Peer 1: 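Have a look at the structure that comes next, please.
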Amino acid sequence: MQTAYRTHTCGELTADHAGATVHLAGWVDSARDHGGVIFIDLRDRFGRTQCVFNPDTSAEAHALAETLHGEDVLALEGEVRPRPAEAVNPKIPTGAIEVHVAQATLLAHSEVPPFEVADDVEVGENVRLRYRYIDLRRPAMQRNLLTRAAIVRVMRQTLEAEGFIDIETPLLTKSTPEGARDFLVPSRINPGRFYALPQSPQLFKQILMIAGYDRYYQIAKCLRDEDLRADRQPEFTQLDVEMAFVAEDDVMAATERVVAAVFRQVAGREVPTPFPRLTYAEAMRDYGTDKPDRRFGMLLKDVSEVAKACEFRIFREAVEKGGQVRGLAAPGGKAFSRKEIDDLAAHAAPFGAKGLAWLKCEAEGLAGPIAKFFNEGQLRDLREAMGAAEGDLLLFVADRPAVVAASLDALRAHLGRRLGLVPEDEVNLCWVTEFPLLEWDEETKRHYSMHHPFTSPRPEDMDRLESDPGSVRARAYDLVLNGVELGGGSVRIHRPDVQERVFRLLGIGEEEARQKFGFLLEALRYGAPPHGGIALGLDRFVRLMIGADSIRETMAFPKTQRAQCLMTGAPGPVDDDQLAELHIRLRPEAMQEE
RNA sequence: GGGGGCGUAGCUCAAUUGGUUAGAGUACCGGACUGUCGAUCCGGUGGUUGCGGGUUCGAGCCCCGUCGCCCUCGCCA
């Protein structure tokens, strides 16, 4: 790390260097002026070294030190000496030594920073983002970004060792229908035409397989113009992988090797492989979601059979109308007050649950306001079906299957946290497989791809593609870590006739298919190998590894919820001249005073 | 587009629920101090209570609007 300004970094000097004359450069982390001797901790991203300015060593350097402030940038020369025994600081790696400064130069002065460069100072996120360069100096952010770099390094090393090659794909590409909203880039040279920034390199990596570049990977930026969340940014990064001549197990096994290597080398943890698998149907049945948090139980149970026969009209009618009644048993929930149960209902309400029925599991049996609608046999059946133990609170939702699943999923997640059932340290990875190929949309009265339109149907379901499309399962798989979707992939369609059939199912006409995906259909006609792949959300992966609440903590320069960069002010207005060159005129509602 | 939370000194927060001169810690400034490492001690500066309007004798506090940040539903193949 030796440069024109330094012989060592601020993190590497130890007792072994005692007696050496060194040059250091860095930021003033803190200055402790004792009137005579002055201690300055010099910091760079490698560590911190205590530098001693003694007027007896150098009056000139000491005079400079008296004027120094936090975040000033300093270069100095001095002798490494062991600290007096009582002054050794065991908290830092360089704590055994100090540098006695003979000569020092102020390289850059810093204004008083808006907040302190230290982890124990809570700072509002808007201030952190406005002065991100200060925030990034803080140890926590440095750890985060270094961990991210380490994760990417291990991913690359593992894939390279297995023969994967890194190929870049374009950022300026073509808008495709379906999926997320595209970011558009106007073409100056082609008036009225627009590039789209890629939502993922999906089609390019498939084309690369057709082109014979078996085993591709890329750390790829993906861009989607949708509303932001704690784990969603308009631009994010995926580890994108594609392989030729593979079936599901090949891709999943390769992914497991990468993920296990990351956990081993970055976190020092062994995660057992192969990861457990459950089907989409099983996940929805037991957890009400396709990304189950399997670190704790409290599985969903179906009580529609009992509900159908009981006197509780809401239950009975739900089942009669083709819905269902399902519930979960919250251990120890018997102690919940009426108000606390109402609060639980409030957690289920946003997902459509119109009410939350409940029973308490007493020694004598089930009790509660709805108990009177069940005879004794039914109450026993309920308790049996719920697997309830004394002290449990049984919670039920009666509605359409989608509403029941979403409500109970939210309730289970909330209760898991509230009851302390979630072992925070556990790493629970699993695959969810056999997704439905299609999703029916009630509003537009048509099918959409659950994954994307290039996902292969399972061969045994292929003959139901037209007759019963809703029952066709896809050769798709999602990787789930602690209830967070880490990524997903599939074996792709490699035959043009199958691809055309799927397009037809999706209501993509021949003309539209040719216009939007013509190049893919054409490429498929020139010898496409069976192929498949996966994409892992890097930001989410890093977030889980560092235990952060938001992927903003994993990115150097994230955007706010309004998709703005508080540091640069992006997106910003542009000159009329620029717009004119791009053949663009703003609509009146977009005009604003500057 | 909907729901919720927050906004007071550079930063993090308080202000006895509408009461007189808006406080504390920290940062910053000045002073003291030759072994500290969250240095310590003494003193000091610092406020358009996000912004605009309203109610009131009186508003940081109540009402309306607006801006910003965060969480969330919708959305994210």
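Values below: all heavy atoms of this structure, side chains included; hydrogens, waters and symmetry mates excluded. Quick caveat, the model's predicted, so the values are computed rather than measured. Letters A, B, ... are given to chains in the order of the sequence lines, protein chains preceding strands, and every chain is numbered from 1.
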Peer 1: Could you check A:I40, A:I38, A:D41 and say which one makes a side chain to side chain contact (heavy atoms under 4.5 Å, CB included) with A:R32?
Peer 2: A:D41
Peer 1: Of the nucleotides B:C69, B:C11, B:C76, which has the atom closest to the A:T560 side chain?
Peer 2: B:C69
Peer 1: When rounded to the nearest Å, what value does the distance between C1' atoms of B:G4 and B:C42 take?
Peer 2: 48 Å
Peer 1: In whole angstrom, give me the gap between the P atoms of B:U55 and B:C61.
Peer 2: 15 Å
Peer 1: Could you label the plane-to-plane angle of the A:H414 and A:H347 rings as parallel, tilted or perpendicular, counting under 30° as parallel and over 60° as perpendicular?
Peer 2: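 Aromatic pair A:H414/A:H347 classed parallel.
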Peer 1: For the pair A:Y287 and A:D293, evaluate side chain to side chain donor-acceptor pair (under 3.5 Å) and give the outcome as yes or no after the intermediate values.
Peer 2: CA-CA 8 Å; A:Y287 301 94; A:D293 188 343; over 6 Å; no
Peer 1: Find the distance A:D225:CG to B:G74:C1' and express it as a whole number of Å.
Peer 2: 15 Å
Peer 1: Quick one: label A:E98 by what it contacts on the DNA or RNA (base, sugar-phosphate, nothing), any heavy atom closer than 4.0 Å.
Peer 2: base
Peer 1: Would you say a side-chain N or O of A:R552 is under 4.0 Å from OP1 or OP2 of B:C71?
Peer 2: yes
Peer 1: Side-chain N or O of A:H62 versus OP1/OP2 of B:U34: is the shortest distance under 4.0 Å?
Peer 2: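 No, no such contact exists.
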Peer 1: With RNA chain B as reference, determine whether A:D231 or A:V88 sits nearer its 5' end, using the nearest nucleotide of each.
Peer 2: A:V88
Peer 1: Tell me whether the side-chain N or O atoms of A:E86 pair up with the base of B:G35 as donor and acceptor below 3.5 Å, since no angle test is needed here.
Peer 2: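 Flag unset: no donor-acceptor pair detected.
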Peer 1: Kindly assign one of parallel, tilted or perpendicular to the pair A:W431 and A:Y477, based on the angle between their ring planes and the thresholds 30° and 60°.
Peer 2: perpendicular
Peer 1: Between A:Q202 and A:Q206, do the side chains contain a donor N or O and an acceptor N or O under 3.5 Å apart?
Peer 2: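 There is such a pair (donor and acceptor under 3.5 Å, judged by atom type) between the side chains of A:Q206 and A:Q202.
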Peer 1: Taking the C1' atom in each of B:U12 and B:C28, what is the distance between them to the nearest angstrom?
Peer 2: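 My reading of the C1' atoms in B:U12 and B:C28 gives 15 Å.
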Peer 1: I'd like to know if A:R83 reaches the base of B:C37 with its side chain, counting only an N/O donor and acceptor under 3.5 Å.
Peer 2: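 Side chain to base: pair found, below 3.5 Å.
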Peer 1: Does A:F39 stack onto the base of B:U36, taking stacking as ring centres under 5.5 Å apart and planes under 30° apart?
Peer 2: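 Answer is yes, a stack.
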Peer 1: Tell me which nucleotide among B:G35, B:C71, B:C69 gets nearest to the side chain of A:H100.
Peer 2: B:G35
Peer 1: Within 45 degrees of the axis of the six-membered ring of A:Y133 and under 6.0 Å from its centre: does A:R137 put its NZ or CZ there?
Peer 2: no
Peer 1: Check A:R224 with A:E226, please: is the shortest side-chain N to carboxylate O separation under 4.0 Å?
Peer 2: no
Peer 1: How close or far is atom P of B:C73 from atom CG of A:D409, stated in whole angstroms?
Peer 2: 10 Å
Peer 1: Using the C1' atoms only, state how far B:C13 lies from B:A22, rounded to an integer number of Å.
Peer 2: 13 Å
Peer 1: Taking atom P in both B:G18 and B:C64, what distance in whole Å separates the two?
Peer 2: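 Their P atoms lie roughly 16 Å apart.
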Peer 1: Which nucleotide sits closest to the side chain of A:D227: B:C11, B:U34, B:C75?
Peer 2: B:C75
Peer 1: For B:C69, what is the paired nucleotide under Watson-Crick or G-U wobble rules, both distances under 3.5 Å?
Peer 2: B:G5
Peer 1: Taking the nucleotide of RNA chain B with the nearest heavy atom to each, does A:V52 or A:V112 sit closer to the 5' end?
Peer 2: A:V112
Peer 1: So which nucleotide does B:U49 pair with, by the Watson-Crick or G-U wobble rule with both distances under 3.5 Å?
Peer 2: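 Paired with no nucleotide.
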Peer 1: Please measure how far the C1' atom in B:G46 lies from the corresponding atom in B:U26, and state the result in whole Å.
Peer 2: 13 Å
Peer 1: Within the modelled atom types, does a donor on one side and an acceptor on the other bring the side chain of A:R232 and the base of B:C76 under 3.5 Å apart?
Peer 2: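 Indeed, a donor on one side and an acceptor on the other fall under 3.5 Å apart.
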Peer 1: Quantified in whole Å, what is the P atom distance between nucleotide B:U21 and nucleotide B:C73?
Peer 2: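 B:U21 and B:C73 have their P atoms separated by 47 Å.
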Peer 1: May I ask you to verify if any side-chain N or O of A:Q561 is less than 4.0 angstrom from the OP1 or OP2 atom of B:C71?
Peer 2: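 Yes, such a contact exists.
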Peer 1: Could you state the atom-to-atom distance from CG of A:D135 to C1' of B:U12 in whole Å?
Peer 2: 15 Å
Peer 1: Does B:C41 pair with anything, Watson-Crick or G-U wobble, both distances under 3.5 Å, and if so, with which nucleotide?
Peer 2: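 With both distances under 3.5 Å, B:C41 matches B:G31.
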Peer 1: Return yes if a side-chain donor-acceptor contact under 3.5 Å exists between A:E71 and A:H69, otherwise no.
Peer 2: no
Peer 1: Scan A:E125 against the nucleic acid and name what it touches under 4.0 Å (heavy atoms): base, sugar-phosphate only, or nothing.
Peer 2: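 Sugar-phosphate only.
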Peer 1: Let's test this: given Watson-Crick or G-U wobble pairing with both distances under 3.5 Å, identify the partner of B:C13.
Peer 2: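 Result: B:G23.
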Peer 1: With the side chain of A:E116 defined as its heavy atoms from C-beta on, choose the nearest nucleotide among B:A27, B:C69, B:C37.
Peer 2: B:A27
Peer 1: Can you tell me the distance, in whole Å, between the NE2 atom of A:H347 and the C1' atom of B:C73?
Peer 2: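 Going from A:H347 (NE2) to B:C73 (C1'), I get 13 Å.
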Peer 1: Who is the Watson-Crick or G-U wobble partner of B:G18, with both distances under 3.5 Å?
Peer 2: none
Peer 1: Just to be sure I understand the rule, does A:A87 reach a base, reach only the sugar-phosphate, or reach nothing, if contact means heavy atoms closer than 4.0 Å?
Peer 2: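 Base: the residue A:A87, judged by heavy atoms under 4.0 Å, touches a nucleobase.
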Peer 1: Counting only side-chain N and O atoms of A:R229, is one of them less than 4.0 Å from OP1 or OP2 of B:C73?
Peer 2: yes
Peer 1: Could you state the atom-to-atom distance from CZ of A:F53 to P of B:G35 in whole Å?
Peer 2: 17 Å
Peer 1: For A:R412 and A:D409, what are the C-alpha separation, side-chain angles and deciding distance, and is it a salt bridge (charged side-chain N to carboxylate O under 4.0 Å, His left out)?
Peer 2: CA-CA 5 Å; A:R412 177 175 173 274; A:D409 169 37; 5.4 Å; no
Peer 1: Round to a whole Å and report the spacing from CZ of A:R130 to P of B:C11.
Peer 2: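 In whole Å, B:C11 P lies 11 Å from A:R130 CZ.
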Peer 1: Looking across every strand, which nucleic acid part, if any, lies under 4.0 Å from A:T57 by heavy atom: base, sugar-phosphate, or nothing?
Peer 2: nothing
Peer 1: At a cut-off of 3.5 Å, list every protein nitrogen or oxygen paired with a nitrogen or oxygen from nucleotides 38-40 of chain B, distance to 0.1 Å.
Peer 2:
residue : atom : partner : partner atom : Å
B:G38   : OP2  : A:K91   : NZ           : 3.1
B:A39   : N6   : A:D33   : O            : 2.8
B:A39   : N1   : A:H34   : ND1          : 3.4

Peer 1: If I take atom CD in residue A:E122 and atom P in nucleotide B:C6, what distance separates them, rounded to the nearest angstrom?
Peer 2: 18 Å
Peer 1: Give the rounded distance in Å between these two atoms: CG of A:L129 and C1' of B:C70.
Peer 2: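 Value for this atom pair: 11 Å.
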Peer 1: For the C1' atoms, the ones on B:G43 and on B:C6, what distance do you get once it is rounded to whole angstrom?
Peer 2: 36 Å
Peer 1: Under 4.0 Å, counting only non-hydrogen atoms across every strand here, what does A:G124 touch: a base, just sugar-phosphate, or nothing?
Peer 2: sugar-phosphate
Peer 1: Hey, is B:U40 sitting syn or anti, using the within-90° cutoff around 0?
Peer 2: anti
Peer 1: Tell me whether the count of non-hydrogen atoms from other residues, nucleotides or ligands lying under 6.0 Å of CD in A:E466 goes above 12.
Peer 2: yes
Peer 1: Side chains of A:T169 and A:Q218: is there a donor and an acceptor less than 3.5 Å apart?
Peer 2: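 There is such a pair between these side chains.
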